2 protein chains.
Amino acid sequence: MSAVNERRERERAHRHQLIITAARELAEAEGWEAVTTRRLAERVEYSQPVLYSHFTGKDAIVSAVAIDGFSELAAHLRRARQAAPEQGQTLRAVCRAYLNFAVERPALYQAMFVLHTDLKFASAETPPPLRAAFDEFVSCFRPDSQRRELFAEVTWSALHGMAVLSDSGRILPDGQEERLDFLVTQIADSGASRDD
Amino acid sequence: MSAVNERRERERAHRHQLIITAARELAEAEGWEAVTTRRLAERVEYSQPVLYSHFTGKDAIVSAVAIDGFSELAAHLRRARQAAPEQGQTLRAVCRAYLNFAVERPALYQAMFVLHTDLKFASAETPPPLRAAFDEFVSCFRPDSQRRELFAEVTWSALHGMAVLSDSGRILPDGQEERLDFLVTQIADSGASRDD
DNA sequence: AAGGATGTCTAGCCCTGCTAGGATTCCGTC
DNA sequence: GACGGAATCCTAGCAGGGCTAGACATCCTT
């Protein structure tokens, strides 16, 4: 491959990421319903069909944003877990970090967990960042427990329910801290690694 | 008001309900993305603008379907609660009934909890059926506990998370029974009225 | 029977995601 | 340096979405 082609490849990859970040910024600024292919094309200063030379469709763009989000979420949770104040508080710290993430980046969270994407989750084709984020929950529980994954799934489900019901106004956002406290207390009773 | 007007009023109310059930049936048969105003109008054998003489827009139609769903859910949960096999198993019975409802009527469930509607939830304008469904969860906990509502919110959130993550393929549907079992066990530890 | 109000439909607006085909630009070769 | 070919990009347009204005018809009232 010639040097010219390599440059083109670089530019193409750069534009690829440009589209993703533009979609994300637009969504975070005005919500996903404002993210249309026309507005997105205008934003990256190309015509519409260019988008389709990078992605198979709009869903694929949302999926790309979501994957970026999974990486950030995994890092966010890991940071919270490692900075947990005392032993036995890691589960609470990770859960709180999760809810914070959902509140502070609602559009990103929607791309990851609400909007329709063509991502494979619990399978072999699961994107690594997605698995990494989930594993942060898993590692909050005793390593010797064979039901760690189950615990993590339920914890994650509860947090997701709280996040999405709160975001859509179906429960009041005020009580989140209390709900979090109750959830963690109940879950931790049998399962959390409070003694590692 | 003349008898003629009364007849018209009746016919109008009948057509109103006809639209709602048509929307619901279409959604349950082919999913909400197949429910367009054109197809809906064709289904009720009227032209499009007729829909807008009954509802302010498509969102309002979805909301109407959702309200019907809340009534059914409330009745469904009540039935499960009253038919609970033994004392102390009511919470488990109600939770299982909730998940069953979500699995068996996925389109209805989406209208109630996922799609955008203009319904007010935790407020004074909350539709009574909605409040009734929520109260079924509340009444699973000790009447003397002042945190019953909190318990109910967290339980509901967890179930909703499980339902929606499972429906969208983000967790495997197989483990639902195990997750339910774990959730109920943890929640019941402090809060469920196992001795009433 | 004429007038008026009510109800309904046809036609169309502007939006969406997406694509075909022509025009342009740029690279490698002679 | 000029040309042929290929890669790239844009203009224009399609089908279908939610929604609405205005014409048409229908029916009750006077």
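Throughout, a chain's letter reflects where its sequence line sits, starting with A, and its residues are numbered from 1. Given the structure is predicted, the values throughout are model-derived calculations rather than measurements. Worth knowing before you read on, the calculation uses all heavy atoms, side chains too, and leaves out hydrogens, waters and symmetry mates.
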Under 3.5 Å donor-acceptor pairs involving side-chain atoms of residues 43-53 of chain B, not counting sequence neighbours:
unit_1: Q48(B); atom_1: NE2; unit_2: T37(B); atom_2: OG1; d: 2.7
unit_1: S53(B); atom_1: OG; unit_2: V50(B); atom_2: O; d: 2.7

Rounded to whole Å, how long is the line connecting atom NE2 of H116(A) with atom P of dG17(C)?
15 Å
Just wondering, are more than 12 heavy atoms of other shown residues or ligands nearer than 6.0 Å to CD in Q82(B)?
yes
Protein heavy-atom contacts under 4.0 Å, written 5' to 3' over nucleotides 7-20 of chain D as B (base), S (sugar-phosphate only) or - (none), form the string S-SBB-B---BBBB
Can you tell me how far C1' of dG17(C) sits from CG of D118(A), to the nearest Å?
15 Å
Let me have the donor-acceptor pairs involving side chains of residues 127-138 of chain B, under 3.5 Å, with sequence neighbours excluded, atom names and distances please.
unit_1: R131(B); atom_1: NE; unit_2: D135(B); atom_2: OD1; d: 3.1
unit_1: R131(B); atom_1: NE; unit_2: D135(B); atom_2: OD2; d: 3.4
unit_1: R131(B); atom_1: NH2; unit_2: D135(B); atom_2: OD1; d: 3.0
unit_1: R131(B); atom_1: NH2; unit_2: E149(B); atom_2: OE2; d: 2.9
unit_1: E136(B); atom_1: OE1; unit_2: R81(B); atom_2: NE; d: 2.7
unit_1: E136(B); atom_1: OE1; unit_2: R81(B); atom_2: NH2; d: 3.3
unit_1: E136(B); atom_1: OE2; unit_2: R78(B); atom_2: NE; d: 3.1
unit_1: E136(B); atom_1: OE2; unit_2: R78(B); atom_2: NH2; d: 3.0

Write down the distance between CD (E11(B)) and P (dG7(C)), rounded to a whole number of angstrom.
11 Å
Restricting to pairs with a member in residues 165-176 of chain B, which pass salt bridge (charged side-chain N to carboxylate O under 4.0 Å, His left out), not counting sequence neighbours?
none
Kindly list each side-chain donor-acceptor pair under 3.5 angstrom involving residues 23-35 of chain B, sequence neighbours excluded, with atom names and distances?
unit_1: R24(B); atom_1: NE; unit_2: E28(B); atom_2: OE2; d: 3.2
unit_1: R24(B); atom_1: NH1; unit_2: E72(B); atom_2: OE2; d: 2.6
unit_1: R24(B); atom_1: NH2; unit_2: E72(B); atom_2: OE1; d: 3.2
unit_1: R24(B); atom_1: NH2; unit_2: E72(B); atom_2: OE2; d: 3.4
unit_1: E30(B); atom_1: OE1; unit_2: R39(B); atom_2: NH1; d: 3.0
unit_1: E30(B); atom_1: OE2; unit_2: R39(B); atom_2: NH2; d: 2.9
unit_1: W32(B); atom_1: NE1; unit_2: A107(B); atom_2: O; d: 2.8

Whole-Å gap separating P (dT10(C)) and CD (E42(B))
12 Å
Please tabulate, for the side chains in residues 113-120 of chain A, all donor-acceptor contacts under 3.5 angstrom to protein atoms that are two or more places apart in sequence or on a different chain.
unit_1: D118(A); atom_1: OD1; unit_2: S63(A); atom_2: OG; d: 2.6

